[in-house]
Amino acid sequence: MAFKTRTKPVATDTANHTVLVVDDDPGVRDLIAFILGRTGYRVITAADGPTALDVFRESRPDLVLLDFVMPGLDGVSVCSRIREEAEAARIPVVMMSGQATKEQIGRAFASGAAEYVDKPVQLPELVALMRTYLSS
C-alpha cells in the first residue's frame, strides 16, 4: 500500500503576491499577517508610518493593508506618500480602522486608498477582497 504525504496546499492565486501589513497594534498586525501567510501570501509588516514607507520602497508589495490611525505619521499620510511615487500608482492600498468618521474615510479615499474596511477586520472578507484586487 502506498502512502501519500499530505501537505497544506498553497493557493496558486496568492503564492506570487506580497502584502505589506501596517498596524501599530502588534496583536492586530500579527493576526492578519498569520492569516494571510496561511492563505499563501508573502507577508511583510511594519509597526508605524515611517517604517512602512521604508519597507514599501524596499519591497514594492502588490498590496498594502494600512491602519488609518497610527501615532505620528497616520495612514492617510502614508497613503499620500505612496501615491506620490509614479511607479506605485497602481498598487492597491486598503485602509482599515475601527474609529474613523465618514470625513476621515473620505480623506482616505482622497489620499488614494482603493478600499476601506472596518476593524475588527473580518478575515474571510479581507481575504476575498484581496483576491479581487490581486487577481490580475
Check: In the single-linkage hydrophobic clustering (I, L, V, M, F, W, Y; side-chain heavy atoms under 4.5 Å), do I105 and I82 co-cluster?
Finding: yes
Next item on the list: Any chance you could measure R42, atom CZ, to L36, atom CG, to the nearest 0.5 Å?
Entry: 13.5 Å
Checklist line | Straight-line distance of R29 CZ to D23 CG, nearest 0.5 Å | finding: 7.0 Å
Notebook entry, point to check: For L123, which residues count as a side chain to side chain contact (heavy atoms under 4.5 Å, CB included) partner, sequence neighbours excluded?
Noted result: L31, I32, I35, V121, L126
Notebook entry, point to check: Run the side chain to side chain contact (heavy atoms under 4.5 Å, CB included) check on F56 and V78 step by step: do they pass?
Noted result: CA-CA 10 Å; F56 179 85; V78 172; over 6 Å; no
Notebook entry, point to check: side chain to side chain contact (heavy atoms under 4.5 Å, CB included) with E115: which residues, sequence neighbours excluded?
Noted result: V94, L129, Y133
Checklist line | Any pair counted as salt bridge (charged side-chain N to carboxylate O under 4.0 Å, His left out), so long as it reaches residues 65-81, sequence neighbours left out | finding: D67-K119, D74-R107
Next item on the list: Would you please name every residue forming a side chain to side chain donor-acceptor pair (under 3.5 Å) with D24, sequence neighbours left out?
Entry: none
Item checked: M130 reachable from V21 in the ILVMFWY side-chain graph, under 4.5 Å edges -> yes
Next item on the list: Evaluate the side chain to side chain contact (heavy atoms under 4.5 Å, CB included) criterion for residues V117 and M95: first the C-alpha distance (whole Å), next the side-chain angles of each, then the deciding distance (0.1 Å), finally the verdict.
Entry: CA-CA 6 Å; V117 295; M95 302 280 294; over 6 Å; no
Next item on the list: Tell me, please, which residues at least two apart from V69 pass side chain to side chain contact (heavy atoms under 4.5 Å, CB included).
Entry: S97, Q99
Notebook entry, point to check: If every non-hydrogen atom of A33 is compared with every non-hydrogen atom of V43, which pair is closest and at what distance?
Noted result: CB-CG1, 3.6 Å
Next item on the list: Report whether F109 and I91 are members of the same hydrophobic cluster (ILVMFWY, side-chain heavy atoms less than 4.5 Å apart, transitive linking).
Entry: yes
Margin query: Checking the side chain of S80 only, and the main-chain atoms of V76 only, is there a donor and an acceptor separated by less than 3.5 Å?
Written below: yes
Item checked: Point-to-point distance, once rounded to the nearest 0.5 Å, from SG of C79 to CZ of F68 -> 10.0 Å
Margin query: Keeping R83 on the side-chain end and A88 on the backbone end, is there a donor-acceptor pair under 3.5 Å?
Written below: yes
What donor-acceptor contacts under 3.5 angstrom involve side-chain atoms of residues 44-53, with partners at least two apart or in another chain?
residue	atom	partner	partner atom	Å
D48	OD1	T51	N	2.8
D48	OD1	T51	OG1	2.7
D48	OD2	T51	OG1	3.4

Notebook entry, point to check: Going hydrophobic residue to hydrophobic residue with side-chain gaps under 4.5 angstrom, can you get from V93 over to L73?
Noted result: yes
Item checked: salt bridge (charged side-chain N to carboxylate O under 4.0 Å, His left out) partners of residues 84-100, not counting sequence neighbours, each pair once -> R57-E85, R60-E85, R60-E87
Next item on the list: Report whether L20 and L65 are members of the same hydrophobic cluster (ILVMFWY, side-chain heavy atoms less than 4.5 Å apart, transitive linking).
Entry: no
Check: Checking H17 side chain against L63 main chain: does a donor-acceptor pair fall under 3.5 Å?
Finding: no
Notebook entry, point to check: Who pairs with D118 by side chain to side chain donor-acceptor pair (under 3.5 Å), at least two apart in sequence or on another chain?
Noted result: Y116
Item checked: Side-chain donor or acceptor of E125 paired with backbone N/O of Q122 under 3.5 Å -> no
Next item on the list: Determine the minimum heavy-atom distance between T39 and R131, stating which atoms define it.
Entry: CG2-NH2, 3.5 Å
Item checked: V19 versus L134, closest heavy-atom pair with distance -> CG2-CD1, 4.4 Å
